[in-house]
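Read through the structure below, which is laid out as structure tokens, and then see the notes.
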Amino acid sequence: MIAPKYFRDDIDVLKNALLHRGEDPKIADDIMRMDMRLRELKKKLDDLRKQRNEKGKLIPKLKKEGKDTEELLSELKELAETIKSYENELETLEEKLKNALYRIPNIPHESVPIGKDETENRVISEYKGIEPLSQNPIPHWEIGEKLDIIDLKVAANLSGSRFYLFKNFAAKLERALLNFFLKENEKKGYMEILPPYLVKEEILYGSGQLPKFRDELYKTQDDLYLIPTAEVPLANLHRNEILNEDDLPLKYMSFTPCFRREAGSYGKDVRGIIRLHQFHKVELFKFTTPETSYDELEKMREDAEDLLKKLNLTYHVVALCTGDLGFSAAKTYDLEVWAPGVKRWLEVSSISNTEDFQARRTMTRFRRKGQKRPLYVHTLNGSGLATPRVFIAILETYYKDDGTIEIPDVLKEFM
RNA sequence: GGAGGGUUAGCCUAAUUGGUAAGGCACCGGAUUUGAAAUCCGGCGGGCUCUGCCCUUGGGGGUUCGAGUCCCUCACCCUCCGCCA
């Protein structure tokens, strides 16, 4: 959530940010107008409440002295009604302002390239892994069928399209990958959290999925939502807390399934297991101070890259442009792995600094030594990493023409 | 699902028939000290346009001039019963 007070002097900063993201900048005017009226109302209410408190204290005093309180009581009754009506107006306005603010995306960092959509993203580095072991790499679904380890037909019978079912070697390889990720990340100081997979609505407001992306979420009859990523529970881990500066940065990771409705992606990635309603991911998450968050972003990117390097896979790093940036992010790197069978770059990690955007929504703060006022932390998230997309790259890269799959060395202990 | 008990600032604990949240511990800063302990002073929920004011007793609502206190409702925790991997 953005803070209106930062734009009081220069509303164009906000308008430009909205423009670069492809949003209507007009909403900025509405917000500043509401912000101004809100402050007026608060001031007015403060004064009225002060009057009420001061005069109310006189009542027991007058009674003790045996004096008549009737006149004062009727005055106070009127005052109470005035206060009530201002309170009603304030409440309505706060609701309206919050509603508007909840729908404003984060302000892009100055280093983010300006662009309208994903075509203007920038590839900033490329890592060359092992050459495909097959002369003529084939798509993972063909490998899966040949070896009888992926059964999309049964998955469709059980759950419909965009679900997968792994058998035997495939099931083991996916599990090995996830265990490998967890072990490597733990070495880098991320503490493992196993969170609930069902969360309350307000938790999704905190991380930024709601109110704008309701269509992407599965909701249960008890008004709990299936998490689309472990970022959701992790971002809310220290909700309403004031952390110690000495404890920062806090580094967490979670392995969870991720559930996404993928509404509006009909006809996209229909073959194979590239786009799914359920997949698995190890998520990395950090709570940092404002001045270290961009260094921590680079470190998190290196941590995620390290996993792909150890698997010896070809990948590149993409700096997202303003038009392709996610709602909560101020800056994002995508890691895309090369899948030689489908001949495509597949996004396996999206690493973002949300600055204080989520912290404002979740009220996650820290106190600096010797300072009274608590400050908002910065939060960062990134996959480290997601299956089965990494699985796809491994299958298509390590499949040999003799019909066997070589297992990367680092995975052997997990098989 | 049913019955009962509970929730006051990081923790612990008060608050006459309803009168405007009192203390303790811990922690932080300062004084004192060769240093430490002890002691003393100050701070120790949040916000603001900050000499001051407003809000804050699990959340929301109601009664009232005024609610920690009375009423309704929800959440969470504990105990027991039932069901259950």
Side-chain angles (χ1 to χ4, degrees), chain A residues 1-10 31-99 101-102 194-206 210 219-225 233 236-248 250 257 287 289 356 359-377:
Chain A
M1 191 153 56
I2 61 158
K5 67 175 168 188
Y6 294 136
F7 307 107
R8 279 171 197 159
D9 296 333
D10 191 359
I31 283 181
M32 297 324 285
R33 197 165 359 164
M34 284 190 273
D35 176 58
M36 196 187 286
R37 176 67 183 150
L38 193 73
R39 284 186 292 153
E40 279 172 17
L41 276 175
K42 278 189 171 162
K43 175 70 180 155
K44 185 79 189 164
L45 258 175
D46 258 27
D47 291 345
L48 291 170
R49 281 169 172 161
K50 182 181 173 186
Q51 275 184 54
R52 181 195 59 192
N53 291 346
E54 281 174 351
K55 290 181 177 166
K57 281 176 194 170
L58 294 176
I59 296 214
K61 211 177 287 175
L62 289 175
K63 276 186 177 168
K64 218 177 279 176
E65 293 168 8
K67 288 180 181 161
D68 183 29
T69 57
E70 206 168 303
E71 196 180 332
L72 186 54
L73 280 182
S74 74
E75 190 187 333
L76 278 169
K77 186 165 186 138
E78 205 173 308
L79 191 55
E81 279 163 18
T82 311
I83 287 175
K84 188 72 200 163
S85 80
Y86 274 107
E87 279 175 345
N88 286 339
E89 187 183 347
L90 180 70
E91 198 183 330
T92 311
L93 186 64
E94 270 183 335
E95 180 85 8
K96 233 173 119 183
L97 178 59
K98 197 150 197 190
N99 234 308
L101 286 174
Y102 266 138
L194 200 155
Y197 305 155
L198 287 165
V199 296
K200 298 177 193 169
E201 188 168 65
E202 69 208 73
I203 301 304
L204 287 145
Y205 273 89
L210 289 179
K219 185 181 182 181
T220 68
Q221 69 214 57
D222 294 318
D223 290 342
L224 292 171
Y225 293 78
N236 288 275
L237 212 58
H238 296 293
R239 202 180 168 79
N240 297 327
E241 282 185 43
I242 296 173
L243 304 167
N244 293 323
E245 184 175 18
D246 290 343
D247 294 336
L248 302 178
L250 286 167
F287 295 88
T289 58
D356 64 6
R360 283 179 186 280
R361 292 176 161 233
T362 59
M363 283 296 278
T364 307
R365 292 173 292 178
F366 75 102
R367 204 187 306 276
R368 206 152 258 173
K369 269 208 162 48
Q371 272 187 29
K372 185 171 152 67
R373 183 181 299 274
L375 304 167
Y376 290 99
V377 298

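Residue numbering restarts at 1 for every chain, and letters A, B, ... go by the order of the sequence lines. Note that the structure is a prediction, hence the values are computed from the model and not measured.
- With rounding to the nearest 0.5 Å, the separation of CG in A:L58 from CG in A:N53 is 11.5 Å.
- OP1 and OP2 of B:G66 both lie 4.0 Å or more from every side-chain N or O belonging to A:N53.
- Using a 4.5 Å cut-off on side-chain heavy atoms (C-beta onward), A:R365 and A:L375 make no contact.
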Subject >> Residue pair A:K96, A:N99: steps toward the side-chain contact (heavy atoms from CB on, under 4.5 Å) verdict >> reply: CA-CA 5 Å; A:K96 233 173 119 183; A:N99 234 308; 5.6 Å; no
Protein and nucleotides 43-52 of chain B: nitrogen or oxygen contacts under 3.5 angstrom:
from, atom 1, to, atom 2, distance (Å)
B:G46, OP1, A:R367, NH1, 3.1
B:G46, OP1, A:R367, NH2, 3.0
B:G46, O3', A:R365, NH1, 3.4
B:C48, OP1, A:K5, NZ, 3.4
B:C48, OP2, A:R373, NH1, 2.7
B:C50, N4, A:R373, NH2, 2.4

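- A:L224 is not listed as a side-chain neighbour of A:K219, based on a closest heavy-atom distance of 4.5 Å or more.
- Separating the CG atom of A:L41 from the C1' atom of B:C53 is a distance of 17 Å, rounded to the nearest angstrom.
- For the pair A:D247 CG and B:C27 C1', the computed distance is 14 Å after rounding to whole Å.
- B:U7 and B:U69 have their P atoms separated by 12 Å, given to the nearest Å.
- Between A:F366 and A:N244, every side-chain heavy-atom pair lies at or beyond the 4.5 Å cut-off.
- Listed by first and then second residue, the salt bridge (Lys or Arg N to Asp or Glu O under 4.0 Å) pairs involving residues 71-86 of chain A are A:K55-A:E75 (not counting sequence neighbours).
- Annotation: side chain of A:P257 is in contact with side chain of A:Y197 (closest heavy-atom distance under 4.5 Å).
- Regarding A:H238, its NE2 atom lies at a distance of 15 Å from the C1' atom of B:G10, rounded to whole Å.
- A heavy-atom distance below 4.5 Å is not found between the side chains of A:P233 and A:I203.
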**OP:** For the pair A:Y86 and A:L48, evaluate side-chain contact (heavy atoms from CB on, under 4.5 Å) and give the outcome as yes or no after the intermediate values.
**Re:** CA-CA 10 Å; A:Y86 274 107; A:L48 291 170; 3.5 Å; yes
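- Scored by the side-chain contact (heavy atoms from CB on, under 4.5 Å) test, A:Y102 finds A:M1, A:K98, A:Y205, A:P211, A:R361 as partners (sequence neighbours excluded).
- Going from the P atom of B:G29 to that of B:A36 covers 12 Å, rounded to whole Å.
- Nucleotides B:A31 and B:A38 have their C1' atoms positioned 14 Å apart, rounded to a whole Å.
- Remark: the separation of the P atoms in B:C27 and B:U20 is 33 Å, to the nearest Å.
- Following rounding to the nearest Å, A:L45 (CG) and B:C54 (P) show an atom-to-atom distance of 12 Å.
- Partners of A:D10 according to the side-chain contact (heavy atoms from CB on, under 4.5 Å) rule, which considers only residues two or more places apart in sequence or in another chain, are A:D12, A:V13.
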Subject >> Derivation and outcome, side-chain contact (heavy atoms from CB on, under 4.5 Å), residues A:V377 and A:T289 >> reply: CA-CA 5 Å; A:V377 298; A:T289 58; over 6 Å; no
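- Residue A:K44 contributes atom NZ, which lies 19 Å from atom P of B:C53 at whole-angstrom precision.
- In this structure, the NZ atom of A:K84 is 14 Å from the P atom of B:C65, given to the nearest Å.
- The P atoms of B:U73 and B:C84 are separated by 31 Å, rounded to the nearest whole Å.
- Here the side chains of A:E201 and A:D223 are not in contact, with every heavy-atom distance at 4.5 Å or above.
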Subject >> Watson-Crick and G-U pairing of RNA chain B written in dot-bracket, each distance under 3.5 angstrom, with | for inter-strand partners >> reply: (((((((..(((......[...))).(((((.......))))).((((...))))..(((((..]....))))))))))))....
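- Comparing the P positions of B:G66 and B:U79 gives a spacing of 41 Å, expressed to the nearest Å.
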Between the protein and nucleotides 83-85 of chain B, which nitrogen or oxygen pairs come in under 3.5 angstrom?
none

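- Under the rule for a side-chain contact (heavy atoms from CB on, under 4.5 Å), the partners of A:T362 that lie at least two apart in sequence or sit in another chain are A:N236, A:R239, A:T364.
- Protein atom CD of A:Q51 is 11 Å distant from nucleotide atom P of B:C54, rounded to whole Å.
- When the P atom is compared between B:C12 and B:U64, the two are found 36 Å apart, to the nearest whole Å.
- To the nearest 0.5 Å, atoms CG (A:L90) and CD1 (A:I83) are separated by 12.5 Å.
- Not a single side-chain contact (heavy atoms from CB on, under 4.5 Å) links A:T92 to another residue, sequence neighbours left out.
- For RNA chain B, no neighbouring residue in residues 90-99 of chain A is found when judged by any heavy atom under 4.0 Å.
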Tabulate below the donor-acceptor pairs under 3.5 Å that side-chain atoms of residues 34-45 of chain A make, not counting sequence neighbours, or state none.
from, atom 1, to, atom 2, distance (Å)
A:D35, OD1, A:R8, NH2, 3.2
A:D35, OD2, A:R8, NE, 2.7
A:D35, OD2, A:R8, NH2, 3.4
A:R37, NE, A:E89, OE2, 3.2
A:R37, NH1, A:E40, OE1, 3.0
A:R37, NH2, A:E89, OE1, 3.3
A:R37, NH2, A:E89, OE2, 2.8

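- In this structure, A:F7 and A:I2 have side chains that are in contact, with non-hydrogen atoms separated by less than 4.5 Å.
- A salt bridge is absent between A:K50 and A:D46; no separation between the charged side-chain nitrogens and carboxylate oxygens falls under 4.0 Å.
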Look for any protein N or O under 3.5 Å of an N or O in nucleotides 71-75 of chain B and output each such pair with its distance, or none.
none

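- If you take atom P in B:G61 and the same atom in B:U57, they sit 12 Å apart, rounded to whole Å.
- Going from atom CG of A:N244 over to atom P of B:C27 covers 13 Å, rounded to whole Å.
- Across residues 71-83 of chain A, A:L73, A:L76, A:K77, A:A80 each have a non-hydrogen atom less than 4.0 Å from an atom of RNA chain B (numbered order).
- For the pair A:M363 and A:Y376, the minimum side-chain heavy-atom distance is below 4.5 Å.
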